[in-house]
There are 2 protein chains.
Amino acid sequence: MNIIALILAGGTGTRLWPLSRKNTPKQLLALTGNRTLIQETCRRLWTVVTPDKQWIITSKELYDSVKHHIRLLREEFHQDKSEEEYITVMQEPIGKNTAPAIFWAAQRCRHIYGEDSILLVMPSDHLIVGENEFIDTLKAGIEKAKEGFLVTYGIKPSHPETGYGYIKIENNKIKSKTPYKVLNFVEKPNYERAQKYIEEGNYLWNSGMFAFHVGTLIKEGLNLCPNISKPFNESDPFNSSQINNSYMKAEANSIDYAVMEKTDKALVIPASFGWNDVGTWKSFFDISDKDENGNVITGNHINIDTKNSFVYGQERLIATVGIEDMTVIDTPDALMICPLDQTQRVKEIVEKLKIENSKTHIEHKTVKRPWGKYTVMEEGLGYKIKKIVVEPGEKLSMQMHYHRSEHWIVVRGSAKITNGDKEIIIHENQSTYIPKATVHRLENPGSMSLEIIEVQCGLYLEEDDIVRFDDVYGRRSS
Amino acid sequence: MNIIALILAGGTGTRLWPLSRKNTPKQLLALTGNRTLIQETCRRLWTVVTPDKQWIITSKELYDSVKHHIRLLREEFHQDKSEEEYITVMQEPIGKNTAPAIFWAAQRCRHIYGEDSILLVMPSDHLIVGENEFIDTLKAGIEKAKEGFLVTYGIKPSHPETGYGYIKIENNKIKSKTPYKVLNFVEKPNYERAQKYIEEGNYLWNSGMFAFHVGTLIKEGLNLCPNISKPFNESDPFNSSQINNSYMKAEANSIDYAVMEKTDKALVIPASFGWNDVGTWKSFFDISDKDENGNVITGNHINIDTKNSFVYGQERLIATVGIEDMTVIDTPDALMICPLDQTQRVKEIVEKLKIENSKTHIEHKTVKRPWGKYTVMEEGLGYKIKKIVVEPGEKLSMQMHYHRSEHWIVVRGSAKITNGDKEIIIHENQSTYIPKATVHRLENPGSMSLEIIEVQCGLYLEEDDIVRFDDVYGRRSS
């Protein structure tokens, strides 16, 4: 029976602000090493689901970034595979919670692999420790899905967590990897109630991971939530205008509410691998290695008598004196300071930023692009200064701006530059000037990174003043 | 009788790090408005001492900056006076505490005004509230100095402060502006002892301000500390090589230890104006106006449930959640976080930075110059990017670099540029290139600020690669 993985990557990260931004949510952060959480989610599943059967579903805003992260994963592990043979990135026309995404994917499964196939559903932004146990647990659920069940995975709770929903079962001597009937799903509890759940022993954390028998899921969907599943049942899941239409009609809901809480086909598989949804800075601190003072420190830090604190910095120097149980998250354009036990309140900051129409919750100062990255170093009236890094062999799109001229100075490497009808190569300590309304392209023909300083001059300097003629990365937006 | 003010401005600020740096100590910060503490110190004295009788004494390192601040003061208040008729800046060849500086100044007084003159001595970096009371208090001391006494000013203590030294007198019903005999000077006490001083009522804070009868000071100096005063007695106070020599011979000591604690000519004038030495961030917080949550906030701040805290920021966004009694001081290249009651420990950070050979305690990212300022935006291998702002009518020195080329792009205003034997004027969105070993000069001929982006390329990019041919500000160092 075919197994397909649907990786949910539409989340807009606000809870790890200021490191996460709308354009760089949690799944696109490399919190624990060189790979981002979404890359790790894909990689971890390969022993069960090959890359060609992994589908990521994300939003229009994140689509280009997700594609980029997947391209890097392919370059790292599967240079032999073409983009077409690799992980598919599906773009939702609108975010309507998990149920519409899952019913769309289920229809795609049915069309390609038939109703007797398994749809594994997985968040893209969780941390998993103990990958063998993870795989064995997944497989135990897949076995029950093959029998026609709708399987959810529940994590054995280690402490009375108030940040998660719970799944209640009858038995209180829970065995890992063993299927149980779901009694009911329970909302995030308060602390007393969470303690009670732990004592009673028949509650699991709701992980948001599922293994569905596709035929059963579609049938149950039509019975239990036809206003979500029917629009997808009636359209061609590969026709984007039909899918747009289905999304318009479908009610926004989670698969838990729409199906799992109502169906009698639900089973839960208890899991005992290490799991963390990195929902707050505190939860990330809890699973990180501490130094001898109980601190987790990243970056350029001077420590005077600082204890049990989480200091995340980058280039700027951070000095902390006599603080305890504190979170300090520093990025080039924003700094957040909060006691560790209040990091769930970071969302209040983001709410305020939205109201104030600040960009600081949307994007970072350094913006990643498929060809490299750029950093806005300064903006003033009539000018903007960027540092642009182009990776070896990469090129920006052939483009033109109506409202700005650009001065380029190479400070590292060599640049191949198309400037109107001329093509030149310039090196370190050389510069060129792109007048406005001139078609141009920047390319790194070398084998080391190209770094240029760009000084834009003009009265309108936003990213949307770009006319794109040709782009090797097939980008539709900027 | 002539009154001369000696303003001590050699202090190297570490206690208000990261806002104060070695090159920008406390006296050069504008903590309470648009003027720096040293400018305020000069201005406040004008009703007693005219600018031509004000002498500032500072170090070689701070000399150019102090001159610049005094020039701005003259432009603000005394455009009719020439530099020669204005506040004198004396440069110490080496810092040896207050006594040598005061004996040098005393000899200058004696040579110009005779022994029957008054030398007022004043720190440059204190905050004073209640200027009329301040002036009246000064005058009361000056009257006694005219009679031949060595007067110190003691602040009536408002609380048991452990950060100040105390002056003990006999009487415990202290009247302001009334001279008392000094019983003795007391070192910074611990808290219990400080409480006792307050209860006993015959102790004053040692403010570091004095009014000396010059003849008496010199005579007492020769009696009580000849190893400090004699080298100055024997040299021409206007001959810099003789003064260098005197400094080499003189013992380093404070005027309190060297003279005031030993002489029977000492009087103290109690003062009841508001006084603060801004010795810590806490002391600055204490005298600042608070908002309704007890906070003192500067900069771009998002406040979620923050109380009794001191947040000082600039352009970067700072979000604080649920913190209390905390100090957060943010500058472009360094951030400091510390509970308010521990801000005296900031010096521990600076000690660590010295050991680590970090530049972060020495200078700011934005460096002020007589012609404007520059900000190092980024440094990389082989390049450095600066934003340079030249004020209207100002010009940099005619100069040359052996090891770097410079690309200049005007982003605001117009620049007159000497580049080898050519002179050009370029405007916004125009650029030029200064090859290495080419004599050049940058000037703002316009009436608005000139802003240019400079990209330096070369293998050695330090400030000391400069050969200066002509400088309108008469600078001897860079």
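Both backbone and side-chain heavy atoms feed into the values below; hydrogens, waters and symmetry mates do not. Proteins get letters first, then strands, A, B, ... in listed order; numbering begins at 1 in each.
Between B:Pro339 and A:Gly322 the shortest heavy-atom distance is CG-O, 3.3 Å.
Heavy atoms of B:Val411 lying under 4.5 Å from chain A belong to its backbone as well as its side chain. Neither the backbone nor the side chain of A:Glu324 comes within less than 4.5 Å of any heavy atom of chain B. Interface remark: A:Ile385 contributes side-chain atoms only to the contact with chain B (heavy atom separation under 4.5 Å). With a 4.5 Å cut-off on non-hydrogen atoms, A:Pro18 does not touch chain B at all. Both the backbone and the side chain of A:Asn429 come within less than 4.5 Å of a heavy atom of chain B. Looking at A:Ile318, the atoms closer than 4.5 Å to chain B (heavy atoms on both sides) sit in the backbone and in the side chain alike. For a residue to count as touching a neighbouring chain, one of its non-hydrogen atoms must lie under 4.5 Å from one of that chain's; by this rule A:Thr343 does not touch chain B. Contacts between A:Glu428 and chain B at a heavy-atom distance below 4.5 Å are absent for every atom of the residue.
Residues A:Lys387 and B:Met377 have side chains not in contact (no heavy-atom distance under 4.5 Å, counting atoms from C-beta outward). A heavy-atom distance below 4.5 Å is not found between the side chains of A:Glu378 and B:Thr375. When side chains are defined from C-beta on, A:Ile409 counts as touching B:Ile409, because their heavy atoms get closer than 4.5 Å.
Residue A:Tyr402 qualifies as open at atom OH: its count of foreign heavy atoms under 6.0 Å is 12 or below. With a 6.0 Å radius and a threshold of 12 heavy atoms from other residues, nucleotides or ligands, B:Lys290 has its NZ atom above the threshold. B:Lys188 NZ: 12 or fewer foreign heavy atoms inside a 6.0 Å radius. The 12-atom threshold is exceeded at CD of B:Glu462, counting heavy atoms of other residues, nucleotides or ligands nearer than 6.0 Å.
Side-chain N/O atoms of B:Tyr433 and A:Gln430 include no donor and acceptor closer than 3.5 Å. Donor-acceptor pairing under 3.5 Å is recorded for the side chains of B:Glu451 and A:Tyr383.
Screening B:Leu317, B:Asn300, B:Val311, B:Val328 for a side chain to side chain contact (heavy atoms under 4.5 Å, CB included) involving A:Leu335 leaves a single residue, B:Val328. Of the listed residues (A:Asp330, A:Val321, A:Ile323), just one forms a side chain to side chain contact (heavy atoms under 4.5 Å, CB included) with B:Ile337, and that residue is A:Ile323.
Checked by atom type and distance alone, the side chain of A:His407 never pairs as donor or acceptor with a backbone atom of B:Ser431 at under 3.5 Å. Side-chain atoms of A:Arg345 never come within 3.5 Å of backbone atoms of B:Asp305 as a donor-acceptor pair (strictly under, hydrogens ignored). One N or O on the side chain of A:Lys352 and one on the backbone of B:Asn303 form a donor-acceptor pair closer than 3.5 Å.
Chain B forms more heavy-atom pairs under 4.5 Å with one residue of A:Gln456, A:Glu348, A:Glu315, A:Met326 than with any other, namely A:Glu348. Here A:Cys457 is the residue among A:Cys457, A:Gly382, A:Ser358 with the most heavy-atom pairs under 4.5 Å with chain B. The candidate with the highest count of non-hydrogen atom pairs below 4.5 Å against chain B, out of A:Gly458, A:Ser405, A:Gly380, is A:Ser405.
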>> Under the criterion side chain to side chain contact (heavy atoms under 4.5 Å, CB included), I'd like the reasoning laid out for A:Glu356 against B:Ile302: C-alpha separation, chi angles, the key distance, then a yes or no.
In response: CA-CA 10 Å; A:Glu356 293 182 6; B:Ile302 297 268; 3.7 Å; yes

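The CD atom of A:Glu454 lies 12.5 Å from the CD1 atom of B:Ile453; values are rounded to the nearest 0.5 Å.
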